[in-house]
Amino acid sequence: MRYLKQFLIIITISFIGEICKRLIPLPISASVYGIILMFLCLKLRIIKVSDIKETSAFLIEIMPVMFIPAAAGLIDSWSLIRTSWLNYVIISVLSTIIVMAVSGIITQMIADRQKGDINDE
C-alpha cells in the first residue's frame, strides 16, 4: 500500500504539471512543470522525501527501459533521419557534454557553498 501511495503522489504532481501546461501559455513541457512542482513541494516540505523515496528510486532504476519506445521510434523514422544522421549525432553528443558540464559546475558550487556553511558554524 505504501508504494501505491507514493506512486499516487508522484502521478498527482505530474497531472498538475499537465494542467499547468494547458493553462500557462509558455513553451514549457508538462514534465518540466511537474519537476518544478515536485521540487517546490519537497523544498517547502509539503511532501517529505520519505513520502516518495522508495517509488522514486524504483522509477529511476527502470528509467533506461523507458527509452526503448523512443529508440524504436527512431528506427521506425530512419527513412526521414537517414540524410542528416550525422547532425543528430553531433547535436546529441554536444548537448550531452554541455548538460554534464553545467550539472557538474552547479553541483560543485552547491557542494562548496554547503561546505562553507558547515565551516562557518
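Remember, predicted model here, so these are calculated numbers, not experimental data. As a basis for the values below, the full set of heavy atoms in this structure was taken, side chains included, without hydrogen atoms, waters or symmetry mates.
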Side chains of Ile35 and Met38: closer than 4.5 Å at any heavy-atom pair?
no
How long is the straight-line distance from CD of Glu61 back to CE of Met63, given to the nearest 0.5 Å?
11.0 Å
For Arg82, check side chain to side chain contact (heavy atoms under 4.5 Å, CB included) against everything at least two apart and list the hits.
Trp78, Ser79
4.5 Å side-chain heavy-atom contact, Tyr33 and Ile16:
no
Hey, is the main chain of Leu74 close enough, under 3.5 Å, to the side chain of Ser77 for a donor-acceptor pair?
no
Minimal non-hydrogen separation, Cys20 against Leu37, with atom names
SG-CD1, 4.1 Å
Write down the atom of Ile13, the atom of Cys41, and the distance for their closest heavy-atom approach.
CD1-SG, 4.0 Å
Report yes or no: does Asp112 contribute a side-chain atom to a donor-acceptor pair with the main-chain N or O of Met109 at less than 3.5 Å?
no
Going only through I, L, V, M, F, W and Y residues with side-chain contacts under 4.5 Å, is there a path from Phe67 to Phe58?
no
Counting only N and O atoms by type, is there a donor-acceptor contact under 3.5 Å from the side chain of Glu54 to the main-chain atoms of Tyr3?
no
Is the backbone N or O of Ala30 less than 3.5 Å from a side-chain atom of Glu18, with the two atoms forming a donor-acceptor pair by type?
no
Below 4.5 Å, heavy atoms only, C-beta onward: do Asp51 and Lys48 meet side chain to side chain?
yes
Do the side chains of Ile90 and Ile81 join up, straight or via other hydrophobic residues, at under 4.5 Å, putting them in one cluster?
yes
What distance do Trp85 atom CH2 and Ser92 atom OG have between them, rounded to the nearest 0.5 Å?
11.5 Å
Starting from Leu26, can I reach Ile19 by hopping between I/L/V/M/F/W/Y residues whose side chains sit under 4.5 Å apart?
no
Ile28 vs Ile24 side-chain heavy atoms within contact, under 4.5 Å
no
Say whether, by atom type as modelled, one donor and one acceptor occur between the side chain of Thr55 and the main chain of Ile52 under 3.5 angstrom.
no
With sequence neighbours excluded, what pairs up with Ser29 under the side chain to side chain contact (heavy atoms under 4.5 Å, CB included) test?
Ser31, Val32
